[in-house]
Enquirer: 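I have a structure here, written as structure tokens, and I will follow up with some questions on it.
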Amino acid sequence: MPFTLATWNINSVRLRAGLVEKLLREEAPDVLCLQECKSPVEKIPAEQFAALGYGHMIARGQKGYNGVAILSKLPIEDVGDMDFAGLGHARHIAGRLENGVTIHNFYVPAGGDVPDREANEKFGQKLDYLTEMRDWFHGDRPEKSILVGDLNIAPREDDVWSHKQLLKVVSHTPIEVDHLGQTQEAGRWVDITRQDIPDGQLYSWWSYRAKDWDAADKGRRLDHVWATADISNAGHSSRILRDARGWEQPSDHAPVFATFDL
DNA sequence: ATGGTAGACAATCTA
């Protein structure tokens, strides 16, 4: 049975519960993975989503920051979370569907403004987070798995509006791209979005600080859908719902979709 | 080189 999955950094699930509802009504993914919920789990409006057919939710939360959730039409079993780099943040949750597919939902640390671990502790934490992800996948060798989320790195030259101008900007520095590549390789993850859309500029995030985000179009592809090699050929129909960036009081991220015939 | 916006939560911190 094919199922469609979406990932969206919502930047407050309570403030934007109406936008989540709009996405669920209009696009109706079977599974929606959210990041930056910025809410304790018990304050996520789960009943509002359940009323739309999303009767299953697994989540990790904390007050004010971070937070990840998976809303699903299909039964999903909570199979745990990881606290990479020992930050004590709600940045990962994993669930398993009845077809045996495991879904990892990640919110990788943004890493602060200065791309130097000596000058900026947050940058070091981001690199350490990715290193521990890599080591975990290297030991675990995931199969029949999908990894989504805001990975806060745009790895390819055509994942940013200007490769040259962003080389020293956190999210696109060579050391971050290298760390993300090592994590991807360790789990034998295939980038499903780029499998489906191999050529051209592709963005999922536009800063709030731009005067006219749409006209300037200075975006970055920070949000990703990966799958393990054993199921990667089941993935198709990837797309980014750029329209959502223009919705009323939007998140600065747009949802990324993929469908899997499994 | 700088400052630009947004959200949580009540002082700044984070992105």
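If you're wondering where the values come from, they're calculated on a predicted model, not measured in any experiment. Numbered from 1 within each chain, the chains take letters A, B, ... in sequence-line order.
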Enquirer: With A:A254, which residues qualify under side-chain contact (heavy atoms from CB on, under 4.5 Å), at least two apart?
Expert: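 Partners of A:A254 by the side-chain contact (heavy atoms from CB on, under 4.5 Å) criterion, ordered by chain and then number, come out as A:W206, A:I240.
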Enquirer: Between B:dC9 and B:dG4, how far is it from one P atom to the other, in whole Å?
Expert: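 Nearest-Å result for B:dC9 against B:dG4 at atom P: 25 Å.
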Enquirer: Whole angstroms only, please: what is the CH2-C1' distance between A:W205 and B:dT5?
Expert: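 That distance rounds to 11 Å.
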Enquirer: Can you name the residues that form a side-chain contact (heavy atoms from CB on, under 4.5 Å) with A:R220, not counting sequence neighbours?
Expert: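 Here the qualifying residues are A:A154, A:V160, A:L166, A:V169, A:S171, A:W205, A:L222.
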Enquirer: Considering only atom P, compute the distance from B:dA1 to B:dA15 and round it to an integer number of Å.
Expert: 25 Å
Enquirer: Taking the same atom, P, in B:dA6 and in B:dT2, what whole-Å distance lies between them?
Expert: 23 Å
Enquirer: When the P atoms of B:dG3 and B:dG7 are considered, how many whole Å apart are they?
Expert: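 Straight-line distance between the two P atoms is 22 Å.
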Enquirer: Please identify each residue that fulfils ring pair (Phe, Tyr, Trp, His ring centres under 6.0 Å) with A:F84, with sequence neighbours left out.
Expert: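 Once residues adjacent in sequence are excluded, the partners of A:F84 under the ring pair (Phe, Tyr, Trp, His ring centres under 6.0 Å) criterion are A:Y129, A:W136.
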Enquirer: Residues in side-chain contact (heavy atoms from CB on, under 4.5 Å) with A:D158, at least two apart?
Expert: A:R156, A:R194, A:Q201
Enquirer: Rounding to an integer number of angstrom, what distance separates B:dT5 and B:dA11 when you compare their P atoms?
Expert: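 Taking atom P in both B:dT5 and B:dA11, they lie 24 Å apart.
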Enquirer: When every nucleotide of nucleotides 8-15 of chain B is labelled 5' to 3' by its protein contacts under 4.0 Å (heavy atoms), B for base, S for sugar-phosphate only, - for none, what sequence of letters results?
Expert: SSS--BSB
Enquirer: Please go through A:Y54's hydrophobic cluster and name the other residues, only I, L, V, M, F, W, Y counting, with side-chain heavy atoms under 4.5 Å joining them.
Expert: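 Via sub-4.5 Å side-chain contacts, A:Y54 links to A:W8, A:I10, A:V13, A:L19, A:V20, A:L23, A:L24, A:L32, A:L34, A:V41, A:I44, A:F49, A:L52, A:M57, A:L71, A:L241, A:W247, A:F257.
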Enquirer: Just by distance, no angles: are the side chains of A:S204 and A:R221 close enough, under 3.5 Å, to form a donor-acceptor pair?
Expert: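 Their side chains do not contain a donor-acceptor pair, so the 3.5 Å distance test is not met.
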Enquirer: Roughly, in whole Å, what's the span from NZ in A:K211 to P in B:dG3?
Expert: 14 Å
